[in-house]
Amino acid sequence: MSLGKDLASIRKSQNLSLEDIQNAIKIPLTTLQSIENNSIFSDSGKNKTYVRSFVRSYAKVLKIDDDEIVQALDEVEEGTYSGSLIGDSAEEMTEAQFNLDPKDTLPSESPDQDQHPLQEPEPKPESTEPKKAPPAPEEDFINWADMGRKFTTVSKNSRVWVFVLILVIAGSLATTGYIFWNDIGSFFESETAETQQPTTSQPDQSAIPPAPVDSSAIVANNENELGETPANANEQTTTPDPIELDDTLTISVYAAYGQLEPIRVTSDLNWRTNPFWMEQGESYYFDFNDTLLVRGQYSRLLLMFNGHVIENPRQNYFNTAFNSIMITRDVLDQPRYLAPPPSEFPLSIGPPDSTVYRIRF
């Protein structure tokens with residue numbers, strides 16, 4: 001038995017996918033997979049505090065009592081976990097599946113029958129009473145003469161309605177022709193006049209050479225209409241292609257509005273939290289694969305990726321489980337952050353005075 005497999009079973013019983021869990025607690029998909037396959041508990045490089053926090057957040061989405069998941073985590077660390085998380089519910093499911101109610105037995109069985117299931121039933125003695133023949137079905141009397149009269153009446157009525165419909169259509173066409181007769185006559189008269197009108201010979205336009213086109217006049221005309229000089233026709237504007245996310249991503253923490261004393265950053269490259277004291281105007285690079293945690297003076301800092309400022313990270317990406325801003329790969333995989341860096345810094349505060357790597361994971 002393993003805690004990860006039990007959590008996966010509970011998740012599937014609630015018709016939840018790993019993506020549903022990831023959307024609810026913003027933990028990377030790879031981390032959730034490592035929980036379910038139990039590899040996160042055997043990874044010596046993982047901080048136990050973060051592992052327990054990951055699992056408790058996962059269990060909270062499944063509506064598991066926090067005391068139960070804490071007890072299960074303690075048993076995993078002691079090596080005594082034996083499926084206590086879903087043990088009771090599994091036994092109830094087994095009993096419900098295999099304990100049949102007497103009303104659910106097969107039609108040939110009875111709850112109080114003592115006969116062995118493999119023993120053939122004893123044949124019942126045949127009754128000596130003569131069998132009664134089944135009653136002959138009663139034949140409905142059909143009055144064929146009356147049915148023939150009905151069909152004859154229906155066919156006569158149908159012919160009458162068809163004749164009336166023809167009269168209505170003919171009357172409508174006659175009325176329409178009478179009303180629009182003058183318009184129809186004038187139309188045919190105009191067609192006849194056009195066909196009888198003599199044609200005059202026209203000079204062969206193909207024999208006249210085309211007049212030369214003054215390109216300078218066209219350019220001048222465009223300048224007068226647009227009020228500006230048109231761009232060179234040979235130049236083609238091209239839009240740079242957006243970047244693609246690498247395996248290792250880099251976030252810039254910028255002390256834009258004051259000193260950071262300190263700022264604490266945790267990367268999933270080693271899951272260690274390091275404090276950094278930064279002067280105003282300084283910017284530090286931090287690498288990560290899927291998750292980066294930032295905790296500190298949120299009103300004094302900016303987070304940047306690919307030259308773009310990440311908008312409202314405290315309001316949009318704060319994770320209460322870690323009490324930190326959580327930047328994941330999904331956050332950065334957006335067109336506005338994958339576009340080429342802007343030519344000028346987008347905020348009036350100005351760009352950092354310097355940007356350096358203070359730590360290499």
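No experiment lies behind these values; they were computed from the predicted model shown. Heavy atoms only: backbone and side chains are in, while hydrogens, waters and symmetry mates are out. We count residues from 1, following the sequence as given.
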Under 3.5 Å donor-acceptor, [X] side chain and [Y] backbone:
| X | Y | value |
| --- | --- | --- |
| Ser57 | Ser53 | yes |
| Ser172 | Val168 | yes |
| Asp268 | Phe288 | no |
| Arg300 | Ala256 | no |
| Gln14 | Leu62 | yes |

Could you check whether any side-chain heavy atom of [X] comes within less than 4.5 Å of a side-chain heavy atom of [Y], counting everything from C-beta outward?
| X | Y | result |
| --- | --- | --- |
| Leu260 | Leu301 | yes |
| Val265 | Leu293 | no |
| Ile21 | Ile27 | no |
| Ser267 | Leu292 | yes |
| Asp290 | Thr31 | no |
| Ile25 | Leu32 | yes |

Only distances under 3.5 Å count here; give the side-chain donor-acceptor pairs of residues 305-313 to other protein atoms, sequence neighbours excluded, each with its distance to 0.1 Å.
from: Asn306; atom 1: ND2; to: Tyr337; atom 2: O; distance (Å): 3.1
from: Asn306; atom 1: ND2; to: Ala339; atom 2: O; distance (Å): 2.9
from: His308; atom 1: NE2; to: Ala339; atom 2: O; distance (Å): 2.9
from: His308; atom 1: NE2; to: Pro340; atom 2: O; distance (Å): 3.3
from: Glu311; atom 1: OE1; to: Arg336; atom 2: NH1; distance (Å): 3.0

Discussion item. Suppose the criterion is salt bridge (charged side-chain N to carboxylate O under 4.0 Å, His left out): which pairs have a residue in residues 170-179, not counting sequence neighbours?
Written reply: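 Output for this query is empty, none listed.
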Fill in: salt bridge (charged side-chain N to carboxylate O under 4.0 Å, His left out): pairs with one or both residues in residues 22-32, sequence neighbours excluded
none
Discussion item. Salt bridge or not between Glu77 and Arg52? Use side-chain N to carboxylate O under 4.0 Å.
Written reply: yes
Worksheet item: How many angstroms lie between atom CD of Glu282 and atom OG of Ser252, to the nearest 0.5 angstrom?
Response: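 Result: 11.5 Å between the selected atoms.
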Worksheet item: Looking at residues at least two apart in the chain, or sitting in another chain, which of them share a salt bridge (Lys or Arg N to Asp or Glu O under 4.0 Å) with Glu36?
Response: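 With neighbours one apart ignored, the set is Arg11.
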Worksheet item: Hydrophobic clusters join Ile, Leu, Val, Met, Phe, Trp and Tyr when side-chain heavy atoms are under 4.5 Å apart, directly or via other members; which others share one with Leu165?
Response: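 Taking Ile, Leu, Val, Met, Phe, Trp and Tyr as members, Leu165 shares its hydrophobic cluster with Ile169, Leu173.
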Fill in: ILVMFWY clustering at 4.5 Å (side-chain atoms), partners of Leu167
Phe163
With sequence neighbours left out, write down each residue that passes side-chain contact (heavy atoms from CB on, under 4.5 Å) with [X], or none if nothing qualifies.
| X | answer |
| --- | --- |
| Asp333 | Leu245, Leu338 |
| Ser17 | Glu19, Asp20 |
| Ser343 | none |
| Arg264 | Pro262, Thr273, Pro275, Arg295 |

Discussion item. Filter on side chain to side chain donor-acceptor pair (under 3.5 Å), then keep only pairs touching residues 60-69, sequence neighbours left out; what's left?
Written reply: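 Every pair satisfying side chain to side chain donor-acceptor pair (under 3.5 Å) with a residue in residues 60-69: Arg56-Asp66.
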Practice prompt. Let me see the working for Phe54 and Trp271 under ring-ring contact (aromatic ring centres under 6.0 Å, His included), right down to the final yes or no.
Written response: CA-CA 12 Å; Phe54 286 146; Trp271 290 109; 5.3 Å; yes
Discussion item. Checking Tyr357 now: which residues fulfil ring-ring contact (aromatic ring centres under 6.0 Å, His included) with it, not counting sequence neighbours?
Written reply: Tyr285
Worksheet entry | Hphob cluster co-occupancy, Val76 + Ile10, side-chain heavy atoms under 4.5 angstrom | yes
